[in-house]
Amino acid sequence: MRDAPGRSIFCLGAGWGTADPVDADIRRVRSDLAGDGLVTMALGLRGPEATGMDTVARELKLAAELGLRTSLHVEASRTIADLREHGLLRDTTTFVPANGISDEELRMLADAGGSLSISPDVELKMGFGSPIAGRALAAGLRPTLSIDDVPSVGGDMFSTMRTAFAVQRGLDGGLRSQDLLEFATIDAAQSCGLDARTGSLTPGKDADVILLRADDLTVFPVTDPVATAVSAGHPGLVDTVLVAGRVVKRDGVLVGVDLAALRTRLLESRNRIAAAAGIPLDGTWRPQPESE
């Protein structure tokens, strides 16, 4: 992540379904990520559905001690209500994707000052239910956007904006292009605790800037820049990127990155993992159904 020329958050947590303490690992990594660089840190909570409230309380206490925001994957109804009853709802926790929680729980989350990240492509593809951007807004929450599972749906955040927009418009006619742009920028920065540094083009903030081509034939002529970026944007439009004032992409090409060497390493990694798992790479492999 340090080698990648971008801003990122390393959200470290324990293996899902375990209750073993991970304090030593969290402290070790925290000591190496002070929080003032491009790579910052958060703590991934295991949650009461998997480990119980005592584990959640212990990890939230550790996060508060180390000044870390937290993230929690939640699907089941009543989880937010149970956390509130135990005094464990924090304004530093982001919940993902939360399809199964009720409108009342969304209001609880809003009242606590917490945040929500929806992953519309994965939620629809994997049958989690409809993304809840509209319900979140009605409850007083500004949702943010995420991918969740890159191998399943790819890592294109333009597509994520477009899916969230189309689904909500199909459900109730709600949302505007401006909403989606804010979900992906300033609302996202606020949910990560980085809004003082990034998320908007404001004097005093770091110069994190993405410039999109307006003369590309896939979008030309551009009349409404926001609507174009949300409804027709794609990675091929990204011409120039600045991170903290440093140009890391110019004329559509990454600056100072040996892509040939990186592709070689990626292929070697893919082949090694596939061989270890016994998965052929000729397109014949299919997931095996779970035994009943």
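FYI, the numbering just counts along the sequence from 1.
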**Item:** Which residues share a side chain to side chain contact (heavy atoms under 4.5 Å, CB included) with A164, sequence neighbours left out
**Value:** I118, P120, L145, L180

Under 3.5 Å, which donor-acceptor pairs do the side chains of residues 58-68 form with other protein atoms, sequence neighbours left out?
residue	atom	partner	partner atom	Å
R58	NH2	A19	O	3.2
E59	OE1	R46	N	3.4
E59	OE2	R46	NE	2.8
E59	OE2	R46	NH2	2.5
E65	OE1	R27	NH2	3.0
E65	OE2	R27	NH1	2.8
E65	OE2	R27	NH2	3.2

**Message:** The criterion is side chain to side chain contact (heavy atoms under 4.5 Å, CB included); which residues satisfy it with S102, sequence neighbours excluded?
**Reply:** E104, E105

**Item:** Listed once per pair and sorted, the salt bridge (charged side-chain N to carboxylate O under 4.0 Å, His left out) pairs that draw on residues 261-275, sequence neighbours left out
**Value:** none

Compile the donor-acceptor pairs under 3.5 Å between side chains in residues 121-134 and protein atoms, sequence neighbours left out, one pair per line.
residue	atom	partner	partner atom	Å
D121	OD1	T163	OG1	2.7
D121	OD2	T160	OG1	3.4
E123	OE1	N99	ND2	2.9
E123	OE2	S119	N	2.4
K125	NZ	S152	O	2.7

**Item:** Connected-component partners of V253 among ILVMFWY, side-chain separation under 4.5 Å
**Value:** none

Could you list the donor-acceptor pairs under 3.5 angstrom formed by side chains in residues 215-223, with sequence neighbours left out?
residue	atom	partner	partner atom	Å
D215	OD1	R213	NE	2.9
D215	OD1	R213	NH2	3.2
D215	OD2	R213	NH2	2.7
D216	OD1	T218	N	2.9
D216	OD1	T218	OG1	2.6
T218	OG1	H234	NE2	2.9

**Fill in**
Connected to I273, directly or through other members, by ILVMFWY side-chain contacts below 4.5 Å are none

**Fill in**
Residue set satisfying side chain to side chain contact (heavy atoms under 4.5 Å, CB included) with S8, at least two apart, ordered chain then number -> M1, V39

**Message:** Just to verify, what does D172 make a side-chain hydrogen bond (donor to acceptor under 3.5 Å, both in side chains) with, not counting sequence neighbours?
**Reply:** Q168

**Message:** Once side chain to side chain contact (heavy atoms under 4.5 Å, CB included) is applied, do any residues pair with D282, and if so which ones, sequence neighbours excluded?
**Reply:** P280, T284

**Message:** I need the full list of salt bridge (charged side-chain N to carboxylate O under 4.0 Å, His left out) pairs touching residues 185-209, with sequence neighbours left out, sorted by first then second residue.
**Reply:** R7-D206, R7-D208, R142-D187, R197-D206

